[in-house]
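The shown structure was predicted, so the numbers you read here are calculated from the model rather than taken from an experiment. Protein chains get the first letters and strands the later ones, always in sequence-line order, with residue 1 at the start of each.
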There are 2 protein chains.
Amino acid sequence: MSLYTISQASAEVDLTPYTLRYYEKEGLLPGVKKDSAGRRNYQADDIQRIGFIKCLKGTGMSLKQIKEYGVLYVQGKKKFNERNAMLQAHREKILLEIKTQKKYLKMVEAKIEMKI
Amino acid sequence: MSLYTISQASAEVDLTPYTLRYYEKEGLLPGVKKDSAGRRNYQADDIQRIGFIKCLKGTGMSLKQIKEYGVLYVQGKKKFNERNAMLQAHREKILLEIKTQKKYLKMVEAKIEMKI
DNA sequence: CTAACAGTTATAGCTAACTCTAAGTCAAGG
DNA sequence: CCTTGACTTAGAGTTAGCTATAACTGTTAG
């Protein structure tokens, strides 16, 4: 049923084992299963979660906030509104960021065109 | 001829005086004039330069690289090619970043739509 | 059986980019 | 003249996000 050791998971999501343990320790990735020897066994679902963590982080959300999102997530349905509000606010932030990036892109292109 | 004290410049470019001094100390902003009492007098041109530093930084260039760009900049014409190559490479990076942001935006929107 | 290996924890160390503190200087208003 | 306030410097401290080390444990191949 598709299990990953930490190094396999590491390769899969392109984060070092250090980072995976760090995320878990910081509470971003609770509930990772361990085998009888105490070794992490990442499941398909964990890989998905890490993928979304990377998405949030890649769009400028702090690990602290990602953790908060995760906390709401595991509380399920009853925190749906709060959780979705967070995502919607984040969506706005991403839209703004894309806008800013486009503005900066124009500035850089203008500088290139200046040829001075 | 439009001079700014550090606090005026700070307000103008939305960076703290600490940050402005820090950038200067790090060599990102050489040649800022000082008055007889040793106080910084930012000129319109300096404000422009800070604006471009913010653009580069805002698009993920490290202060170290921004400094390198600045060094090429003050060497003028003879370093034009190197400087422009740097900007073109950076342009590609920004384009890629915008693409990534759009991908992540879709992921967040999908999560919002999931309503679970 | 044992050596190598891949994992474990706790904790220390690192880098980037600020941010602040301390101690001092200078100019202007009362 | 004296205080106030905005500035100066050098250097210390902070935060986020890793990244590495040390000491150890369990699994596996020869």
Can you sort out which residues in residues 48-73 of chain A have a heavy atom within less than 4.0 Å of DNA chain D? Ascending by number, please.
A:K57, A:S62, A:L63
Does one side chain, of A:T16 or A:T19, offer a donor that lies under 3.5 Å from an acceptor on the other?
yes
Validation: residues 91-101 of chain B side-chain donor-acceptor distances under 3.5 Å, sequence neighbours left out:
| from | atom 1 | to | atom 2 | distance (Å) |
| --- | --- | --- | --- | --- |
| B:R91 | NE | A:E109 | OE2 | 2.6 |
| B:R91 | NH2 | A:E109 | OE2 | 3.1 |
| B:K93 | NZ | B:G60 | O | 3.0 |
| B:E97 | OE2 | B:Q101 | NE2 | 2.6 |
| B:T100 | OG1 | B:L96 | O | 2.9 |
| B:Q101 | NE2 | A:G58 | O | 3.1 |

What's the separation between atom SG in A:C55 and atom CD1 in A:I50, rounded to the nearest 0.5 Å?
14.0 Å
Distance in angstrom units between A:Y18 OH and C:dA6 C1', rounded
12 Å
Within the 4.5 Å heavy-atom criterion, are B:R40 and B:E24 side-chain neighbours or not?
yes
Would a 4.5 Å heavy-atom cut-off, applied to side chains only, mark A:S10 and A:L15 as touching?
no
Indicate yes or no: at least one non-hydrogen side-chain atom of A:I6 is less than 4.5 angstrom from one of A:Y42.
yes
Could you tell me if the side chain of B:Y104 sits less than 4.5 Å from the side chain of B:M107, heavy atoms only?
yes
Working to the nearest 0.5 angstrom, can you tell me the gap between B:K54 NZ and B:Y23 OH?
8.5 Å
Name every donor-acceptor pair, under 3.5 Å, that has one atom in a side chain of residues 75-90 of chain A and the other anywhere in the protein, sequence neighbours excluded.
| from | atom 1 | to | atom 2 | distance (Å) |
| --- | --- | --- | --- | --- |
| A:R83 | NH1 | B:I116 | O | 3.0 |
| A:R83 | NH2 | A:G76 | O | 3.4 |
| A:H90 | NE2 | A:T59 | OG1 | 2.7 |

With the side chain counted from C-beta on, respond yes when A:Y22 and A:L28 share a heavy-atom pair under 4.5 Å apart, and no when they do not.
no
Heteroatom pairs (N/O) under 3.5 angstrom, protein to nucleotides 25-30 of chain C:
none

Distance under 4.0 Å to a non-hydrogen atom of chain A counts as contact; along DNA chain D, which nucleotides mark the start and end?
D:dG17 to D:dT27
Kindly state which residues belonging to residues 20-35 of chain A come within less than 4.0 angstrom of DNA chain D, counting heavy atoms of the residue only, listed by number.
A:Y22, A:Y23
Can you check whether B:N41 reaches B:Y4 side chain to side chain, under 4.5 Å on heavy atoms?
no
Flag side-chain contact, heavy atom, 4.5 Å: B:T5 against B:R39
no
